Amino acid sequence: TSTAASNTFGATSFNDADITNVGSIALDTITNDGTDITLDSSGDIVLDADGADIRLKDAGTQFGKFTRSSGDFIISASETDKDIKFAGADGASDVTALTLDMSAAGAATFNDDINLSDSKHITTLKVLLATKI
């Protein structure tokens with residue numbers, strides 16, 4: 001408990017005690033003791049980055065990034081020639097539904113069919129000739 005008018009602690013160790021707060025907490029860095037960190041909210045979890053980037057790292061190495069650029073939402077792999085994969089569970093089996101191959105300029109490989117709704121088509125361009133399938 002702080003009895004200071006400003007509720008300022010400076011550098012303080014709470015050991016393994018829980019911290020409960022009903023307002024907001026201003027932090028520069030959260031560092032843990034080697035265990036997982038869980039963000040659990042009865043409402044939404046909001047990530048608000050005024051620099052427009054949310055960077056994903058593993059052991060200090062950036063492997064991905066979410067960016068807002070001119071209103072566009074960009075998902076990018078940060079490491080050279082590493083793929084972006086969309087995966088999920090199909091029954092009891094893990095599947096990779098779609099792979100975007102960054103070593104092949106983003107070539108898309110689907111694990112199964114591509115289904116288009118009624119009256120839709122795929123347009124390709126080859127030697128200035130558009131072919132609709």
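It should be emphasised that the depicted structure is a prediction, and the values quoted were computed from it without experimental measurement. Just so you know, these numbers use all the heavy atoms, side chains as well, and skip hydrogens, waters and symmetry mates.
- Closest non-hydrogen pair, Leu100 versus Ala108, comes out as CD2-CB, 3.8 Å.
- Scanning all heavy atoms of the two residues, the minimum distance from Ala49 to Ile54 falls at CB-CG1, 4.3 Å.
- Atom CG of Asp40 is separated from atom CD1 of Ile37 by 14.0 Å, given to the nearest 0.5 angstrom.
- Minimum heavy-atom separation, Asp83 to Ser103: OD1-N, 4.4 Å.
- Listed here is the closest heavy atom pair of Ile74 and Ser69: CD1-CB, 3.6 Å.
- In terms of hydrophobic clustering, with Ile, Leu, Val, Met, Phe, Trp and Tyr side chains grouped at heavy-atom distances under 4.5 Å, Val95 and Ile114 are assigned to different clusters.
- Summarising the geometry of Met102 relative to Ile84, their closest heavy-atom pair is CE-CD1, 4.3 Å, with the distance given to 0.1 Å.
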**Prompt:** Can you check side-chain hydrogen bond (donor to acceptor under 3.5 Å, both in side chains) on Thr99 and Asp101, steps first, answer last?
**Reply:** CA-CA 6 Å; Thr99 299; Asp101 187 346; over 6 Å; no
**Request:** In sequence, state the C-alpha distance, the side-chain angles, and the governing distance for Leu98 and Asn111, and then conclude on side-chain contact (heavy atoms from CB on, under 4.5 Å).
**Result:** CA-CA 6 Å; Leu98 168 63; Asn111 186 41; over 6 Å; no
**Request:** Could you give me the CA-CA distance, side-chain angles and deciding distance for Phe66 and Ile75, then say whether side-chain contact (heavy atoms from CB on, under 4.5 Å) is met?
**Result:** CA-CA 5 Å; Phe66 300 123; Ile75 300 171; 3.9 Å; yes
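- Tested against Gln62, the residues Lys57, Glu79, Arg55 include a single side-chain hydrogen bond (donor to acceptor under 3.5 Å, both in side chains) partner, Arg55.
- The minimum heavy-atom distance between Lys85 and Thr96, with the atom names listed, is CB-CG2, 4.0 Å.
- For the atom pair Leu39 CG and Ile30 CD1, the distance stands at 7.0 Å (nearest 0.5 Å).
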